[in-house]
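All values below come from the heavy atoms of this structure, side chains included, with hydrogens, waters and symmetry mates left out.
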Amino acid sequence: MQITGVGVGHGIAVGPALRMPDPIGEPPDVDSQAEASDEYRRVETTLHAVTDELVALGHQAGGDAEEILEAQSLMAQDPAVVDDISRRIGDGKTAERAVFEAYEQYAKVLDALGEVPAARGADVRDVARRVIAKLRGVALPTVPQSDAPYVLVANDLAPADTATLDLRQVIAVVTRDGSTSSHTAILARNKNLVAVVGATGCDAIINGQTVIVDAEHGEVVVDPERSAVSAAAERGGTVSTPRPLTPGRLADGTAIPLLANVGSPEEAAPAVALGAEGVGLFRTEFLYLDARTAPSVELQRSRYRDLMAAFSGRKVVVRVLDAGADKQLAFLGHTHEENPALGRRGLRALREHEDVLRDQLTALAEAQNDTGADLWVMAPMVADVDETAYFIGVARSLGLSTVGITVEVPSAAVLADQIVPLCDFVSIGTNDLTQYTLAADRQLGSVAHYQDPWHPAVLRLIKLIGDAARVSNTPVGVCGESASDPLMAVTLVGLGADDLSMSPGALADVRATLAGVTLEQARELATLALVQHSAADARAAVANALA
Ligand code: PEP
Ligand code: MG
């Protein structure tokens, strides 16, 4: 397949394609349930945070990028837009929707003024997306990480993404939108990066396909003949061939499946392209977050089917709705709580609204029947035997066969010898296990330094779970972010983890590190970490021993 666009510069590059994840979606146009003054205060704080972030990114990037990012930071403070947001909130819109509409209006005015202002419209929309992501408390989709150089394919790139690209990883860029005057093109030119922008057909490129990006001719060749790759190399092009994506394995051959944490079915294909052997944590909150009522069984079933189809024949671990804490939902009766992380979160809220839980489990069981998937289902925020038995009972009664829990509340870890044998599997959520063990809110910057899973107290709780799993022969995985740290991944295996689930971008590094140690060595490293007196010492002990 050949796609044409506008080339930037004269270079040529060949490599595997990796797509930028889709941008965050448009906020729904629903009536706000919050006080307008509270909504406006949230926006005001967020606009300041986005302004600071863009200025800081600009300083870091320097040159033209600094100027562009500073201009964007001003868009986050534009008085006309800020007034417009305030008016829309006053009319009953949610903060997210008001931000979306006000910036979209501004961008449309720029779009109508011709090519150069229209290119700035893209920057305005990027500011809106940044603000909305922060308001929702979710991370913006970022440039994928890979251990092998690749060609980045995107609808468009925000100036901040282009300015901060790691050129050891990204050898070329192909975008669907954009023109010679777009900021993607300007910054690509500055960075001497091979790029083709306005490549309308690039939506068809899928992760892992080899592409030749020929900037001189404004051409992108997908799945080229070998002779075309050789010709590109002869023209002095950068040629990167993908590294094989082998399954996770220790040096002694012990299999440690490496799975992906995903938050929507759309994240499945990029995860497979990076070698995910299945899904270790599918966060289902995306179906509920912007909803005023719980989604129907039919809607859920079709979304679960999409995910299961992408991982056909491979394990898919789905976590039922984890609302509460930072994700409050009116239809679960959430009202103000002084300490929401310690409140009606996860299974606690679902148990009080069993209809919502039953609908979700029914949709999962039906999607499994439709696809024949290897489905494992678990509950979040489980504290004791009673809650474990409750969840397993409801899930089994609705036809699910592999049922377990996330161990993320310290009480569940302490009671692992009682809880683990009841489950078909358990998965350790080290993010929450760390926050609750160290009694430090994971959302609060001022106590962020406590949020370190290397803390020996956390490691000891993980060991309790690993030991209980070994005694009862129950599979145990880790789905917290700690599994993305290669040194921690080895330590977790030593503490008893049978598989590890992480952001797909981390798979390659973890795969490479695990391949260098045996199970016996991993256990020795874990023993070493357990006796340290601080998180820093535990990490250093493992790092030194492996050096
Ligand atoms: C965890 O707590 O470690 C976890 C994986 O879940 P979340 O980050 O969604 O709370
Ligand atoms: Mg959690």
Subject >> Reported OG1-to-CG distance for the pair T175 and N155, which is rounded to 0.5 angstrom >> reply: 9.0 Å
Subject >> Carboxylate-amine/guanidinium contact R41 E35, below 4.0 Å >> reply: no
Original post:
Just by distance, do the side chain of T430 and the backbone of L433 share a donor-acceptor pair under 3.5 Å?
Top reply: no
**OP:** Mark yes or no for whether R348, through its side chain, and G343, through its backbone, hold a donor-acceptor pair below 3.5 Å.
**Re:** yes
Subject >> Closest approach of L259 to V279 (non-hydrogen atoms, all atoms of both residues) >> reply: CB-C, 3.9 Å
Original post:
Is any side-chain N of the basic residue among R88 and D29 closer than 4.0 Å to the acidic one's carboxylate O?
Top reply: no
Original post:
Hey, what do you get for CG (D432) to CD (E408), rounding to the nearest 0.5 Å?
Top reply: 4.5 Å
Original post:
For the side chain of T406 and the backbone of A379, is there at least one donor-acceptor N/O pair under 3.5 Å apart?
Top reply: yes
Original post:
Do M20 and D161 have side-chain heavy atoms sitting under 4.5 Å apart?
Top reply: yes
Original post:
Under the side-chain contact (heavy atoms from CB on, under 4.5 Å) criterion, do E53 and K134 qualify, and how do the steps go?
Top reply: CA-CA 11 Å; E53 187 176 275; K134 270 208 192 318; 2.8 Å; yes
**OP:** Before giving the answer on side-chain contact (heavy atoms from CB on, under 4.5 Å), spell out for V153 and L18 the whole-Å C-alpha distance, their side-chain angles and the decisive distance to 0.1 Å.
**Re:** CA-CA 6 Å; V153 181; L18 269 189; over 6 Å; no
Original post:
Do D91 and K93 meet the salt-bridge criterion of a basic N to acidic O distance under 4.0 Å?
Top reply: no
Original post:
Distance from I68 atom CD1 to S73 atom OG, nearest 0.5 Å?
Top reply: 12.5 Å
Subject >> Where E39 and A95 come nearest, the two heavy atoms and their spacing >> reply: OE2-N, 2.8 Å
**OP:** Determine, step by step, whether L459 and M488 satisfy the side-chain contact (heavy atoms from CB on, under 4.5 Å) criterion, reporting the C-alpha distance in whole Å, the side-chain angles of both residues, the deciding distance to 0.1 Å, and the verdict.
**Re:** CA-CA 10 Å; L459 298 180; M488 178 57 104; 3.9 Å; yes
Original post:
Should D322 and R283 count as an ion pair when the cut-off is N to O under 4.0 Å?
Top reply: no
**OP:** Check the pair Y106, E101 against side-chain hydrogen bond (donor to acceptor under 3.5 Å, both in side chains), reporting the backbone distance first and the verdict last.
**Re:** CA-CA 9 Å; Y106 181 10; E101 288 183 2; over 6 Å; no
Original post:
Which value, rounded to the nearest 0.5 Å, describes the distance between L152 atom CG and D166 atom CG?
Top reply: 11.5 Å
**OP:** Spell out, as yes or no, whether a donor-acceptor pair under 3.5 Å connects the side chain of Q451 to the backbone of N431.
**Re:** yes
Original post:
Salt bridge check: are E96 and R136 linked by an N-O gap of less than 4.0 Å?
Top reply: no
Subject >> Residue pair V510 / L258, side-chain heavy-atom distance below 4.5 Å >> reply: yes
**OP:** Output yes when a side-chain donor or acceptor of Q360 lies under 3.5 Å from a complementary backbone atom of L321, and no otherwise.
**Re:** yes
**OP:** Look only at the side chain of S503 and the backbone of A506, and say whether a donor-acceptor pair between them is shorter than 3.5 Å.
**Re:** no
Original post:
Hey, is D83 close enough to R87 for a salt bridge, meaning N to O under 4.0 Å?
Top reply: no
Original post:
If you look at every heavy atom in V458 and D452, which pair is closest and at what distance?
Top reply: CG2-O, 4.4 Å
Original post:
Is there a donor-acceptor contact under 3.5 Å from the side chain of E277 to the main chain of G248?
Top reply: yes
**OP:** State whether the side chain of Q72 and the backbone N or O of D123 hold a donor-acceptor pair below 3.5 Å, judged by distance alone.
**Re:** yes
**OP:** Mind checking the OG-CG spacing from S501 to N261? Nearest 0.5 Å is all I need.
**Re:** 3.5 Å
**OP:** Just do the side-chain hydrogen bond (donor to acceptor under 3.5 Å, both in side chains) check on D485 and W454 with the steps written out, would you?
**Re:** CA-CA 10 Å; D485 167 356; W454 281 100; 3.1 Å; yes
**OP:** Indicate yes or no for a side-chain donor-acceptor contact from Y304 to the backbone of L299 under 3.5 Å, with no hydrogens or angles considered.
**Re:** no
Original post:
Heavy atoms, side chains only, cut-off 4.5 Å: are H455 and L438 in contact?
Top reply: yes
**OP:** Assess whether atom CD of E67 is packed by more than 12 heavy atoms of other residues, nucleotides or ligands within 6.0 Å.
**Re:** no
Subject >> Minimal non-hydrogen separation, S264 against L307, with atom names >> reply: O-CD1, 4.4 Å
Subject >> Side-chain ion pair, R42 and D38, N-O less than 4.0 Å >> reply: no
Subject >> Least distance between heavy atoms, I12 atom then V194 atom >> reply: N-CG2, 3.9 Å
Original post:
Are side-chain heavy atoms of L47 and Q77 found at a separation under 4.5 Å?
Top reply: yes
Subject >> T284 and R319, any side-chain heavy atoms less than 4.5 Å apart >> reply: no
Original post:
Just wondering, are more than 12 heavy atoms of other shown residues or ligands nearer than 6.0 Å to NE2 in H533?
Top reply: no
**OP:** Calculate, to the nearest 0.5 Å, the distance between atoms CZ and CD belonging to F100 and E26 respectively.
**Re:** 3.5 Å
Original post:
Only one of T46, D126, I85 forms a side chain to side chain contact (heavy atoms under 4.5 Å, CB included) with V131, so which one is it?
Top reply: T46
Subject >> Shortest non-hydrogen separation from C479 to G280 and the atoms involved >> reply: CB-O, 4.1 Å
Original post:
Under 6.0 Å from the OH atom of Y450, do we count more than 12 heavy atoms belonging to anything else shown?
Top reply: no
**OP:** For residues I205 and V220, determine if any side-chain heavy atom of one lies less than 4.5 Å from a side-chain heavy atom of the other.
**Re:** yes
Subject >> M381 vs R344, side-chain contact (heavy atoms from CB on, under 4.5 Å): CA-CA, chis, key distance, verdict >> reply: CA-CA 10 Å; M381 194 74 179; R344 289 173 55 256; over 6 Å; no
Original post:
Can you check whether A540's main-chain N or O pairs, donor with acceptor, with N544's side chain at less than 3.5 Å?
Top reply: yes
Original post:
Is there a side-chain contact between L193 and V173 (heavy atoms, below 4.5 Å)?
Top reply: yes
Subject >> Test: R125 and D156 ion pair at under 4.0 Å >> reply: no
Subject >> Pair E266-R303, salt bridge (charged side-chain N to carboxylate O under 4.0 Å, His left out): steps then yes or no >> reply: CA-CA 10 Å; E266 288 67 35; R303 302 300 276 143; 3.1 Å; yes
Original post:
Can you check whether D78 reaches V82 side chain to side chain, under 4.5 Å on heavy atoms?
Top reply: no
